[in-house]
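Counting from 1, the numbers follow the sequence of the chain as shown.
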Amino acid sequence: MLPPSFDEETEKMTAYNFYSIAQDKVVTINKPMTLSDELLDDDAAVVGSSHGWLCLFNRSTTFDDLFLYNPLTRRNIELPSVNIYNLQGNSIGFHSHHSQWVTRVVISSSTPDDQDCRALMNYNYANLLAFCCPGHTSGHWTPIGELHLKLDDHVYERNYEDFVYSPKQNLFYCVTTFGDFEAWDLRDPHSPTMTPVILSSDKNNYPRAASSEEELNLKKSCVSRKYLVIDEETDQLYHVRRFVKDTLLPFDMLYYNDPSDEVDYEDSNPYRTVGFDVHRVDLEKGELSYMDGGSLDGLAMFVGPNYSFALRASEYPELKPDSIYFTDVFNPPYWDNGIYGGHDVGIFNYRDGTVSPCYYPVDEVSVRRIVPSPVWFTPTTTQL
């Protein structure tokens, strides 16, 4: 999904724009101007994209409206508002209207009207968890998960970085900043249950894998972000770690000897994604198995603010196998006042480590700020 179109005179949004990878063209869908779509405020932020639905956060309203919107069928479904009074059991006592405090929403199916559908949300600057039942006529967001983690007499925010839903197991899998894995069963909304997932890993390739000291130093100097990617056809989970360099330079200038070296970067240089590490999650053995040799088993993975998923390139010839399609990892307010943002979009070749463009340029001279950030949108077969 690309930035929408606006009327030059009224400055009102007129259409949603989508770049179709299969057709290699932009598809435009006019925004409906009906009373039922009055919630579709032009400033509503996209905070989720899963199973053919967008989740929009209308920050201009008093109660911070949150709703699902299907741009193909033009349906919208209101979710419980996300003010403090609808976060049952929340003792934090906050209610903020800063530019974005709902960061991600994932639904468990393409039919949110169903009583069994669940929506899981990241909220607050600490990336806490809460869930609701979209198909229930009345409801609220129920916070789940531990708020803090204690390590060596220090208390840290737990920070849930990503979560995906396994339809075959009826479980949400979550990963935190500190590498904790959890499985959540939300089928009984009155009694959500969590099972810790203990996974061992090879210290030679986790938390960072590198074939050289230069590559290791580069990754150490990066901001990293974790994703949980699911291949729904096989129910296989993957742990994906993304490395983002805080300045954009030609790739042959990114490597330097020591991550502690001081480098004089201009403020005008934007950040860029420089690499990914992918581990297969083996739930039976309790292992994270590094996918070495540049192979992703022929998968094309999609990560960003959306639901993280994988498709078999052999079934979609327009996709590049063993590649990771990514959109920008950062959202406002990270780059509210910057001249860049939303620009970190491309296709990472897991075999040779190169990045190729996906609609937008990736070279350091051509990139420009993109507002709002692009997000992957996957229509279901019933919507086509």
Side-chain angles (χ1 to χ4, degrees), residues 48-50 103-104 106 122 127 159-166 172-183 197 199-202 204-211 215-216 218-220 222-245 271-283 287-313 319-330 344-356 358 374-376 378:
S49 175
S50 58
T103 55
R104 181 182 297 244
V106 167
N122 261 152
N127 282 332
N159 199 333
Y160 289 89
E161 288 199 38
D162 199 16
F163 41 86
V164 293
Y165 182 72
S166 167
F172 280 94
Y173 285 96
C174 309
V175 62
T176 72
T177 294
F178 292 91
D180 297 320
F181 292 85
E182 299 174 353
V197 180
L199 298 172
S200 62
S201 59
D202 186 343
N204 292 322
N205 53 53
Y206 188 88
R208 303 174 190 88
S211 59
E215 182 183 1
L216 180 60
L218 171 62
K219 289 181 175 179
K220 285 183 177 179
C222 290
V223 174
S224 71
R225 169 64 192 267
K226 302 186 190 75
Y227 300 95
L228 285 180
V229 176
I230 188 167
D231 176 1
E232 290 190 348
E233 183 177 327
T234 62
D235 202 43
Q236 177 62 56
L237 280 173
Y238 299 88
H239 176 278
V240 177
R241 187 186 294 266
R242 176 179 182 174
F243 298 93
V244 183
K245 193 75 182 82
Y271 51 88
R272 79 179 307 166
T273 293
V274 298
F276 288 89
D277 287 345
V278 181
H279 290 74
R280 184 185 289 105
V281 179
D282 190 326
L283 295 173
E287 294 178 351
L288 284 176
S289 177
Y290 179 55
M291 302 190 73
D292 202 355
S295 173
L296 295 179
D297 294 338
L299 294 174
M301 297 182 175
F302 293 79
V303 299
N306 52 281
Y307 181 71
S308 305
F309 63 97
L311 298 173
R312 299 211 161 269
L319 298 179
K320 298 180 179 180
D322 303 315
S323 295
I324 301 173
Y325 290 69
F326 62 91
T327 55
D328 208 306
V329 67
F330 296 117
D344 195 16
V345 180
I347 307 170
F348 181 81
N349 186 317
Y350 196 69
R351 289 188 177 276
D352 60 23
T354 59
V355 176
S356 58
C358 184
V375 60
W376 301 114
T378 52

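A side-chain contact (heavy atoms from CB on, under 4.5 Å) with T273 is found for exactly one of V244, V329, V355, namely V244. Shown are L228, D235, L237; of these, the side-chain contact (heavy atoms from CB on, under 4.5 Å) with S166 is made only by D235.
With hydrogens and angles disregarded, no donor-acceptor distance shorter than 3.5 Å links the side chain of Y271 to the backbone of V223. Side-chain N or O atoms of Y165 include none that pairs as donor or acceptor with a backbone N or O of Y307 at under 3.5 Å. A side-chain donor-acceptor contact under 3.5 Å links S49 to the backbone of W376. The backbone N or O of G298 lies less than 3.5 Å from a partner atom in the side chain of D322, making a donor-acceptor pair. Proximity of a side-chain donor or acceptor of D352 to a complementary backbone N or O of T354 within less than 3.5 Å is detected. K219 places a side-chain N or O within 3.5 Å of a backbone atom of A209 that can act as its donor or acceptor partner. With hydrogens and angles ignored, the 3.5 Å screen pairs no side-chain donor or acceptor of E161 with any backbone N or O of F178. Here the side chain of Y173 pairs no donor or acceptor atom with the backbone of V197 at under 3.5 angstrom. In this structure, the side chain of D328 engages the main chain of D344 through a donor-acceptor pair within 3.5 Å. For the pair K320 (side chain) and A300 (backbone), a donor-acceptor distance under 3.5 Å is absent.
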### Task
Would you check, one step at a time, whether the test side chain to side chain contact (heavy atoms under 4.5 Å, CB included) holds for V278 with V240?
CA-CA 5 Å; V278 181; V240 177; 4.1 Å; yes
### Task
Determine, stepwise, if the pair R208 / F243 fulfils side chain to side chain contact (heavy atoms under 4.5 Å, CB included).
CA-CA 10 Å; R208 303 174 190 88; F243 298 93; 4.0 Å; yes
#### Entry: Steps toward side chain to side chain contact (heavy atoms under 4.5 Å, CB included) verdict (D292, N205)
CA-CA 9 Å; D292 202 355; N205 53 53; over 6 Å; no
#### Entry: Residues L319, Y325; criterion side chain to side chain contact (heavy atoms under 4.5 Å, CB included); working and verdict
CA-CA 9 Å; L319 298 179; Y325 290 69; 3.9 Å; yes
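For the atom pair OH (Y350) and OG (S323), the distance works out to 12.0 Å, reported to the nearest 0.5 Å. The structure places CZ of F309 at 10.5 Å from OG of S50, a figure rounded to the nearest 0.5 Å.
Nearest heavy-atom pair across P207 and R241 is O-NE, 3.0 Å. Across R351 and G294, no two heavy atoms sit closer than the pair CG-O, 2.9 Å. The two residues L296 and M291 make their nearest non-hydrogen contact at CA-CE, 3.7 Å.
Scored by the side-chain hydrogen bond (donor to acceptor under 3.5 Å, both in side chains) test, N306 finds no partners at all (sequence neighbours excluded). Judged as a salt bridge (Lys or Arg N to Asp or Glu O under 4.0 Å), and not counting sequence neighbours, the contacts of D231 are R312.
The aromatic rings of Y206 and H279 sit perpendicular to each other, their planes meeting at more than 60°, with 30° as the lower class boundary. The aromatic rings of F276 and F326 sit tilted, their planes meeting at an angle between 30° and 60°.
Between L311 and F302, the closest side-chain pair of non-hydrogen atoms falls below 4.5 Å. Side-chain contact between V303 and I324 is present, with at least one heavy-atom pair separated by less than 4.5 Å. R225 has its side chain within reach of Y227: a pair of non-hydrogen atoms, C-beta onward, lies under 4.5 Å apart. Counting heavy atoms from C-beta on, the side chains of R280 and D297 come closer than 4.5 Å. No side-chain heavy atom of S289 sits under 4.5 Å from any side-chain heavy atom of D282.
At a cut-off of 3.5 Å, with distance as the only test, a side-chain donor of T103 or N127 sits close to an acceptor on the other residue.
Pairs passing the salt bridge (Lys or Arg N to Asp or Glu O under 4.0 Å) check and including a residue from residues 298-311, sequence neighbours excluded, do not occur.
Geometric assessment of R104 against the ring of Y160 yields a negative cation-pi assignment under the 6.0 Å and 45° thresholds.
The existence of a salt bridge linking D162 and R242 is excluded, since no basic side-chain nitrogen approaches an acidic carboxylate oxygen closer than 4.0 Å.
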